[in-house]
Amino acid sequence: MSYADVAARIGAIESNLARVAGFPTPAAPETRSAATAGNVLGGSLQGTANAAANSTNAGITFDSPAGTEFQQVLQNALDASASGAAPAAAGAGPAREAERGQREAVGKTAATTRAQGASEPAAAGGVDGARVVAASKKYLGVPYVWGGNNPKVGLDCSSFVQHTFRDLGIQLPRVARQQAKEGTEVPSLAQARPGDLIVTRGGGHIGIYLGGNKMIHAPRPGESVSIRELFETDKDIMTIRRIVPSEAAANSGPADARAAQRALFDSARAASR
């Protein structure tokens, strides 16, 4: 039953109730939109209950002919509202299932994206490993000064790393042992990417990996920030930390994740049709 049919039935119920209870016949019901028909139906049924109470007060009993007629009118109203609501609920079923399927597909995609990106930290303002390398090379030639924190005077290994990342808007702790806990761990030197932190000497020294088995660091007193070959192996390295994504991950990862998410969403939507 459509909402228009329901509205018409409501008008008939109101007229019949008025006739049975001896009340003035109400004016023709106004045209009701589909959006408000449900509310109107609810209100009219409440009005039916009120009319029943009034009819009892007026001396009409359910055992009388008028009372019997009233019961029939009320039953017809309830039957009409039930038969009209059932198709609507049935029609809403497939739509709800389709919507639920789309939500589940998007949720699975988000979980997959998070799992794939767990090994790559989020880029901070578009910063990737290549930019870290470029920023670090600006300090080439700065003298090593233990505890130094002024590039015009000198830097130690950890202050060199801190200044490099600070120039890119990324804050790191001051000392190497604390910096060694930042970002995500890279399992081995073979998996290191430019911009990763190389921590050696049990956490006493730190530098920035450049790729090609090279790193840039502030080595020791009497020397300056420089690039050298990595002679250390995995057993000599305390940890390798990735603070920003590698260049490939920063450029392709989010786009690939968005494409996969879109494909799953389109698939779910097509299946619901």
Side-chain angles (χ1 to χ4, degrees), residues 114 116-254:
R114 287 194 297 271
Q116 291 174 342
S119 61
E120 287 283 355
V127 177
D128 59 16
R131 290 187 61 187
V132 172
V133 169
S136 71
K137 290 181 177 180
K138 295 187 301 181
Y139 294 100
L140 283 169
V142 173
Y144 177 94
V145 174
W146 187 85
N149 200 32
N150 185 346
K152 295 180 180 180
V153 177
L155 302 171
D156 61 17
C157 65
S158 57
S159 65
F160 157 66
V161 169
Q162 186 184 50
H163 274 77
T164 296
F165 281 88
R166 183 185 295 167
D167 291 345
L168 299 171
I170 299 172
Q171 300 298 322
L172 292 181
R174 172 62 181 85
V175 299
R177 292 185 186 279
Q178 294 175 344
Q179 292 171 355
K181 300 176 183 178
E182 296 295 306
T184 58
E185 186 170 29
V186 177
S188 68
L189 187 57
Q191 296 171 268
R193 297 291 180 266
D196 291 347
L197 302 182
I198 305 292
V199 184
T200 61
R201 304 177 195 171
H205 188 64
I206 192 168
I208 298 173
Y209 189 64
L210 300 180
N213 204 43
K214 294 182 178 180
M215 82 170 186
I216 182 171
H217 67 148
R220 61 180 61 87
E223 299 186 26
S224 59
V225 175
S226 57
I227 297 172
R228 73 162 173 87
E229 293 284 340
L230 266 173
F231 56 82
E232 293 90 349
T233 64
D234 285 330
K235 68 178 182 179
D236 303 313
I237 295 173
M238 174 184 169
T239 185
I240 302 172
R241 310 300 295 187
R242 184 160 297 163
I243 307 301
V244 299
S246 61
E247 185 175 11
N251 291 337
S252 65

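A donor-acceptor distance shorter than 3.5 angstrom exists from the side chain of R241 to the backbone of A180, with no hydrogens or angles considered. The backbone N or O of L230 lies less than 3.5 Å from a partner atom in the side chain of N213, making a donor-acceptor pair.
Minimum interatomic distance between V127 and I170 (heavy atoms only, all atoms of both residues): CG1-CD1, 4.1 Å. Of all heavy-atom pairs between D196 and Q191, the closest is OD2-O, 4.5 Å. Closest non-hydrogen pair, A176 versus I206, comes out as CB-CG2, 4.0 Å. Looking at every heavy atom in both residues, P194 comes nearest to V133 through CB-CG2, 3.8 Å. Across all their heavy atoms, P151 and V142 have their closest contact at O-CG1, 3.5 Å. The two atoms that bring R177 and G202 nearest to each other are NH1-O, 2.7 Å, heavy atoms only.
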Passes side-chain contact (heavy atoms from CB on, under 4.5 Å), M238 versus R201? Steps please. CA-CA 7 Å; M238 174 184 169; R201 304 177 195 171; over 6 Å; no

Working note: D236 + F231, criterion side-chain contact (heavy atoms from CB on, under 4.5 Å); need CA distance, chi angles, decisive distance, verdict. CA-CA 9 Å; D236 303 313; F231 56 82; 5.8 Å; no

Evaluate side-chain contact (heavy atoms from CB on, under 4.5 Å) for H163 paired with N149, printing each intermediate quantity in order. CA-CA 8 Å; H163 274 77; N149 200 32; 3.0 Å; yes

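Within the 4.5 Å cutoff, the side chain of S136 has heavy atoms near those of the L210 side chain. Side-chain contact between V145 and L155 is absent, with no heavy-atom pair separated by less than 4.5 Å. Between S158 and Q179 there is a side-chain heavy-atom pair separated by less than 4.5 Å.
To the nearest 0.5 Å, atoms OH (Y139) and CD1 (I216) are separated by 10.5 Å. Note: Y144 OH to S226 OG = 12.5 Å, rounded to the nearest 0.5 Å. Rounding to the nearest 0.5 angstrom, the gap separating the OG1 atom in T164 from the CZ atom in R131 is 13.0 Å. The distance from the NZ atom of K214 to the CD atom of E229 is 5.0 Å, given to the nearest 0.5 Å. Here L189 contributes atom CG and M215 contributes atom CE; the two are 10.5 Å apart, rounded to the nearest 0.5 Å. Atom-to-atom distance recorded for I243:CD1 and L168:CG is 12.0 Å, nearest 0.5 angstrom.
When each of R174, H205, R220 is paired with D156, the side-chain hydrogen bond (donor to acceptor under 3.5 Å, both in side chains) condition holds for R174 and for no other. When each of V186, V199, L197, I198 is checked for a side-chain contact (heavy atoms from CB on, under 4.5 Å) with T239, only V199 meets the rule.
When only modelled atom types and interatomic distance are considered, Q162 and S159 share no side-chain donor-acceptor pair under 3.5 Å.
Checked for salt-bridge contact, K138 and D167 meet the test: a charged N lies under 4.0 Å from a carboxylate O. For R193 and D128, the salt-bridge test fails: no basic side-chain N is under 4.0 Å from an acidic carboxylate O.
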